[in-house]
There are 2 protein chains.
Amino acid sequence: MASTIKDVAKKAGVSTATVSRVINGDPRISSKTREKVLKCIHELDYKINNIARSLKTSKTYTIGFICPELANTFFMTVAKGVEDELRKYGYSVIVCNSNESVEEEKERIKLLLEKCVDGAIIIPASHSGAHFKALADQEIPVVLVDRLVEDFSTDAVLVDNINGSYAAVEHLINSGYRRIGYIGGDIRFTSAKERDEGYKRALRDYCIPMDDSIIKYGDYHIQSGYDKMKELMEEEEPPEIVFISNYYMHVGATKFLIEQKEAIRRKIAIASFDDMELASLLEFCKVLVSQPMLEIGSKAANMLIQRINDSKGHDPQIVRLKTQLIVKQE
Amino acid sequence: MASTIKDVAKKAGVSTATVSRVINGDPRISSKTREKVLKCIHELDYKINNIARSLKTSKTYTIGFICPELANTFFMTVAKGVEDELRKYGYSVIVCNSNESVEEEKERIKLLLEKCVDGAIIIPASHSGAHFKALADQEIPVVLVDRLVEDFSTDAVLVDNINGSYAAVEHLINSGYRRIGYIGGDIRFTSAKERDEGYKRALRDYCIPMDDSIIKYGDYHIQSGYDKMKELMEEEEPPEIVFISNYYMHVGATKFLIEQKEAIRRKIAIASFDDMELASLLEFCKVLVSQPMLEIGSKAANMLIQRINDSKGHDPQIVRLKTQLIVKQE
DNA sequence: TAGTATAATGTAATCGATTACATGCGGGAA
DNA sequence: TTCCCGCATGTAATCGATTACATTATACTA
């Protein structure tokens, strides 16, 4: 059906080796031969069969991207950054959804191994990374994004969560807020833990007493934002403002507040990690901590390509990108 | 490095053919041999090399998914549906971003051809589909999603845009609205054109005069929603409510209105296509038309697998899924 | 003119699987 | 006992590229 290198070789009256060399830009080929071969390639509409090439070169120019959820703007904006950058180097991306399950993550890793990817970029589904060793065993470089894991050390791209949180809470304090609630994520994730740390550190630095009754932990999903905001508002002494550590909980919390009576609504505000989609348009929202999502992706892609081209390189490297504080105009 | 079928064969004292048969579940292999081989596979941590397999079988169990943008919840929720469904059949997905450019779309198609995908699911970047023939020429099945194209006919999964729009506008009319504005998309896209049609048909059926001054066209992006809403509100006689034909323009329009004075804000409302993310939480929003995004994806995946397994099948088939009208509680 | 370096191309093995065809073996029928 | 059949397995070609090594042609030197 599709023409092969043999067809081209026969038509051009040369060997397959010569055709291959033309395709790969070998400078030893005379320009006369090159012209002739290129003409035949064009006439036969020949397209290289990367399967065959990969078998011989053991390079697939494909990388795997595993994330806990596809329909998530943070993950997908990172993916966009990854794809954009990798494409420049001729790589394409197999996207896998681990569904926030370690078991499924394992399966995806097996899949990527069987597909012989040249590398993987992973947003871990859990705090455990023992199963990532399967990739390392085959010398397939891995770059983690957003979270570190236990039992596996490799390159990673993170944001400076601590100072991101800190700056937001500090801003709230400087704006006169004193009773600042918090909705955090599962602290087994490094990112959640760090955002925690930033919040607490700011309170401590400004000598504001920490009150566990207005510190709640959700799971980064809309529903838990809703539930935790409800709990906060039902406390004896609710906060004046709540710092929420991710976008989807921000959305859930907003949803809860919208349903409340005007009297309640007037007395509460929100600050939140992540500036995506409509975050900045949401009612109650005063301050946002914006992550450079595209840059996270492109940086991860870059580090991965570095490793692919130089696997015997340096020790695992961690890059921390800065967040940006966004204060909404009144 | 990684062990091959040869290593397994040697260790088990059988031929590679036997190992291959075990891997592929050939029933002719005696259970004694099968056990022995499986044991060796396990001990050597052998993983099949799909590159080699694909070369021989000319099946890659990989499909391409091309969409105009990755950081878009509609496209990515469809992608999730696709991935979920395809995985059940052992397929994985290469995700490509056409960046809303036909040129880039062409490049991605070339890429997919070189990667020897077994099929492609495409959300077209434009109204033109002539370049999709390159896939058809290699007998690679294509399923379109959301939009049809000119010059290329193939299987497609769409929603019933006309009746989706119609139902929304009809609901507005029944709720007493008479001056209903519209912000549509580029009518060269079939989906935009159909949503148009639904809006206009409802007005006609209820004998409400159509007024071009409150019918505007944007490009499905946030900014154009903002701009067009502004234009509408600056008309001599602005609408009471505006039906907006996609989520991102809805967001933009809301953004514009939030910035306006209370007097203006009180007099306007919104209805919109797409129920995603926060659509239902947005101020001004009364009615939404929800698309079954996951189902669109899984249906497209299903149709594609059908074609892959039976390429000489029936004529191109178009599936239209129903939308759902969502009325917000006051 | 012979000898040698260099440039251009060809020959054929190879990557790791699949599979058509070949083979050997054991058991049942006559 | 002999013949045949079918089951279980092996042999080797093959998929479409790459590439080490071999070969030929050309040019240059002495």
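Only heavy atoms go into these numbers, but all of them, side chains included; no hydrogens, no water, no symmetry mates. Chain naming here is simple, since letters A, B, ... match the order of the sequence lines and numbering starts at 1 in each. This structure is a prediction, so every number in the text was calculated from the model and none was measured.
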Specify the separation, in whole Å, of atom [atom1] of [X] and atom [atom2] of [N].
X	N	atom1	atom2	result
A/Ile41	D/dA17	CD1	C1'	13 Å
B/Ile51	C/dA17	CD1	C1'	11 Å
A/Lys10	C/dG10	NZ	C1'	17 Å
B/Ile23	C/dT19	CD1	P	12 Å
B/Glu114	D/dA17	CD	P	11 Å
A/Ile5	D/dT19	CD1	P	11 Å

Next on the checklist: So, does B/Asn24 get its side chain near the phosphate of C/dT18, meaning an N or O under 4.0 Å from OP1 or OP2?
Outcome noted: yes
Next on the checklist: Counting primed atoms plus P, OP1 and OP2 as sugar-phosphate and everything else as base, spell out the protein contacts along nucleotides 5-15 of chain D at 4.0 Å heavy-atom distance: B, S or - for each nucleotide, 5' to 3'.
Outcome noted: ---SBBBB-BB
Under 4.0 Å between a side-chain nitrogen and a carboxylate oxygen: does that hold for [X] and [Y]?
X	Y	result
B/Asp84	B/Arg87	yes
B/Glu114	A/Arg53	no
A/Lys32	A/Glu35	no

Item to check | Any donor-acceptor N or O pair under 3.5 Å, side chains B/Asn302, B/Glu85 | outcome: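 Looking only at side-chain atoms, B/Glu85 and B/Asn302 do form a donor-acceptor pair, the distance falling under 3.5 Å.
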Next on the checklist: Run A/Lys106 and A/Glu103 through salt bridge (charged side-chain N to carboxylate O under 4.0 Å, His left out) and show every step you take.
Outcome noted: CA-CA 5 Å; A/Lys106 266 184 207 165; A/Glu103 280 317 306; 3.6 Å; yes
Checklist entry - Just how far is it from atom NZ of A/Lys59 to atom SG of A/Cys116, taken to the nearest 0.5 Å? => result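 A/Lys59 atom NZ to A/Cys116 atom SG measures 12.5 Å (nearest 0.5 Å).
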